[in-house]
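For reference, the structure is listed below as structure tokens.
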Number of protein chains: 2
Amino acid sequence: MTVTLADVAARARVSPATVSRVLNGNYPVAASTRERVLRAVDELDYVLNGPASALAAATSDLVGILVNDIADPFFGIMAGAAQSAIGDTGTGRAGGEKLAVVCNTGGSPERELTYLTLLQRQRAAAVVVTGGALVDPDHIAALTAKLTKLGDAGTRVVLCGRPPMPGDAVAATLAFDNRGGARSLTEHLLSLGHRRIGYVAGPVERSTTRDRLDGHRDAMTAAGLDGPGLDRLTVYGRYTRASGYDATRELLAREPSLTAVVAANDTVALGACAALREAGLRIPDDVSVAGFDDLPFSVDAVPSLTTVRLPLHEAGVRAGRLAMGADTPPPGGVSTIRGELMVRASTAPPRA
Amino acid sequence: MTVTLADVAARARVSPATVSRVLNGNYPVAASTRERVLRAVDELDYVLNGPASALAAATSDLVGILVNDIADPFFGIMAGAAQSAIGDTGTGRAGGEKLAVVCNTGGSPERELTYLTLLQRQRAAAVVVTGGALVDPDHIAALTAKLTKLGDAGTRVVLCGRPPMPGDAVAATLAFDNRGGARSLTEHLLSLGHRRIGYVAGPVERSTTRDRLDGHRDAMTAAGLDGPGLDRLTVYGRYTRASGYDATRELLAREPSLTAVVAANDTVALGACAALREAGLRIPDDVSVAGFDDLPFSVDAVPSLTTVRLPLHEAGVRAGRLAMGADTPPPGGVSTIRGELMVRASTAPPRA
DNA sequence: CTGTTAGCGCATTCAT
DNA sequence: ATGAATGCGCTAACAG
């Protein structure tokens, strides 16, 4: 019923071993023979049996890319870039093709572990884990253990847009400088003259939330604005528009004379804008707003959003190449990627 | 080095077959034995060898979800919904877990075919193909052939948000009523009194583009507004913000007295808004704008966008369940999903 | 309910 | 440069 390598061998009048060799291209084969085999493959419309191949070779051509939220362009951009970098590395022939796939954890630590197990089960060639991590020590330990096993089994593990992990389970990590970016963003607001700045944070248990908030606090503290007021003007939520909306209303209730709102990311910032507008406040005339990430829609927002640009596409490509072994890991295994402050129309000096 | 099923069997003092049976759970096993085996699995930290399992069983637990653009929430929402529907069908035990993965074709027909081959190679349990199709007959033929082979090999093929295909290669298709939705959208504009309506279409070779444009033309024709003017006020582009921006400038150049712009989707509509605003036109006072899809950001746009809501999440979940065989296909194999007109602030009667 | 026996389709030694 | 033989780890008949 289904065509096997042996069928191809018979048609090409060679041994199965030879067919295997031309297909994998890692071995010297006479040009004429190769030609004949390739023709038989074509005529029979043969497709390699992946599981059989993976079983015999003890490794598969599967590369997994884990994301927290596939509906969020933040992850989509990174994943898409990684996926194309991995696909493009192929020789074009069917031989070197990797199957780069993205797995959506939905931010759930259990699903993260489950996907990793599934990938381990498939003997994945590499795994790219993207986005902020959970700060919970138990989960970090479990994750580290799982990644170590993957690494020991020959799977190359790459972290992208995620803080480094302890141990040597990870081949390479590309970390974003969330703290530094957040600090420069708040410094920008401070330099405009703002003093009563609200902060809409993400989920408290995520490293990204912590890092960005830390950066914000660094700037506030350096300006002598630390103290209890800082906590009072910080509201935690999720990385959604609705969360930004709700948190901003809360902020407004706590401090009606707010002159600026810094959001954990661009999506949250949009929700903040909606809440401010609804309260009859103009942006940036009455209140300035800033985001983080610089997703594609941010430049089109009205007014266009001041934010910190993260080179998501570039990071994804680098992670993909690292996963393929096409690039060598940075010294020490960790590379920190900086964000760039994008000053646009949503921030201005506070009203006099 | 690596723990195998035989190791588990030895530790649990049963035969390998029994271990296999408790792991797959599709066979009666005494509770005490199962307990012993599970304990051994745990103690040895055993992970099933997917390729070996797939080889022996002639099917894997991999489910592929193909999308045109992973960075576009349109696809992200459908893919995420499908993926969670597939994951949730699992019993919770490691046994029934499917590995739902998304593959990004980038809209390239070659990559679409390549991914399908890769999935075929892996003996995927099911494949969900999302989004608009290429209208090119050659590609449709190639795709049909490939899907037929997949189907013959036991892979369940489901189409989601995509027009039906000829033949019986496909187990089920969930099609969006793009034409009907587009028609009702333009009718809305017409009923407001608009007559000079520009249309910013997507890529000419995509079925989604065609269908939505057809719906628009249906409405225009019914209103007696067909003729050469219709073509003159139609500009093709891509499904991006930049494309909407450029096309709208072009439209404005062709017809400065335009009173409305209908865009192929919400993202394009945002670009259109930017171009109009830059031209000093107010929305909707001077020009009305409408989109399609009702992505999450559309309600937050300023002004909020009139559009046609497509139940992307619901469609994704249905596709996922269909792919798992958890739901039975609709009669005839095809189910058409209607959109819902969402009238918001970006459309208003034209100026007198 | 459980053990035994055969492959599944391919990559890889080892020969030649 | 090519062929023959072996085993990867597991599932699926069959027995019992």
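Order of the sequence lines fixes the chain letters, A, B, ..., with proteins taken first and strands second; residue numbering starts at 1 for each chain.
No engagement by A:V19 is indicated, since no non-hydrogen atom pair under 4.0 Å with the nucleic acid exists.
The heavy-atom pair separating B:R111 from A:Q83 by the smallest distance is NH2-O, 4.2 Å. A:C103 and B:V101 make their closest contact through SG-CG1, 4.1 Å (heavy atoms, listed as atom of the first residue, atom of the second, distance).
Side-chain nitrogen and oxygen atoms of A:T33 include at least one within less than 4.0 Å of the OP1 or OP2 phosphate oxygen of D:dT2. At the phosphate of D:dT11, OP1 or OP2 sits under 4.0 Å from a side-chain N or O atom of B:N24. Taking 4.0 angstrom as the limit, B:S20 places none of its side-chain polar atoms (N or O) nearer than this to OP1 or OP2 of D:dA12.
Computed from coordinates, the A:R121 CZ to D:dC8 P distance equals 21 Å when rounded to whole Å. Separating the CG atom of A:N26 from the P atom of C:dC10 is a distance of 16 Å, rounded to the nearest angstrom. For A:L23 and C:dT12, the CG to P distance is 12 Å, given to the nearest whole Å. Distance CG (A:D7) to P (C:dC10): 9 Å, rounded to an integer number of Å. One interatomic measurement links the two molecules: CD of B:E35 to P of C:dC1, which rounds to 16 Å at whole-angstrom precision. Rounded to a whole Å, the CZ atom of B:R21 is 11 Å from the P atom of C:dC1. Remark: P of C:dC10 and CG of A:L5 are 5 Å apart, rounded to the nearest angstrom. For the pair A:D61 CG and C:dC10 P, the interatomic distance rounds to 13 Å; values are reported in whole Å.
There is no side-chain donor-acceptor pair under 3.5 Å between B:T117 and B:T114. Judged purely by distance below 3.5 Å, without hydrogens or angles, the side chains of A:S335 and A:R318 pair a donor atom with an acceptor atom.
Two residues, B:R36 and A:S53, neighbour DNA chain C, and the one matched to the more 5' nucleotide by heavy-atom proximity is B:R36. With the nearest nucleotide of DNA chain D identified for both B:A17 and B:P51, B:P51 has the one nearer the 5' end. With the nearest nucleotide of DNA chain C identified for both A:A6 and A:Y27, A:A6 has the one nearer the 5' end.
For A:V29, taking side-chain heavy atoms from C-beta onward, the closest of the listed nucleotides D:dT2, D:dA12, C:dC8 is D:dT2. With distances taken from any side-chain atom of B:S15 to the nucleotides C:dG3, D:dC8, D:dA12, the minimum falls on C:dG3. Distance from the side chain of A:A30 is smallest to D:dA1 among D:dA12, D:dG9, D:dA1.
In terms of modelled atom types and a separation under 3.5 Å, the side chain of B:R206 and the main chain of B:G132 share a donor-acceptor contact.
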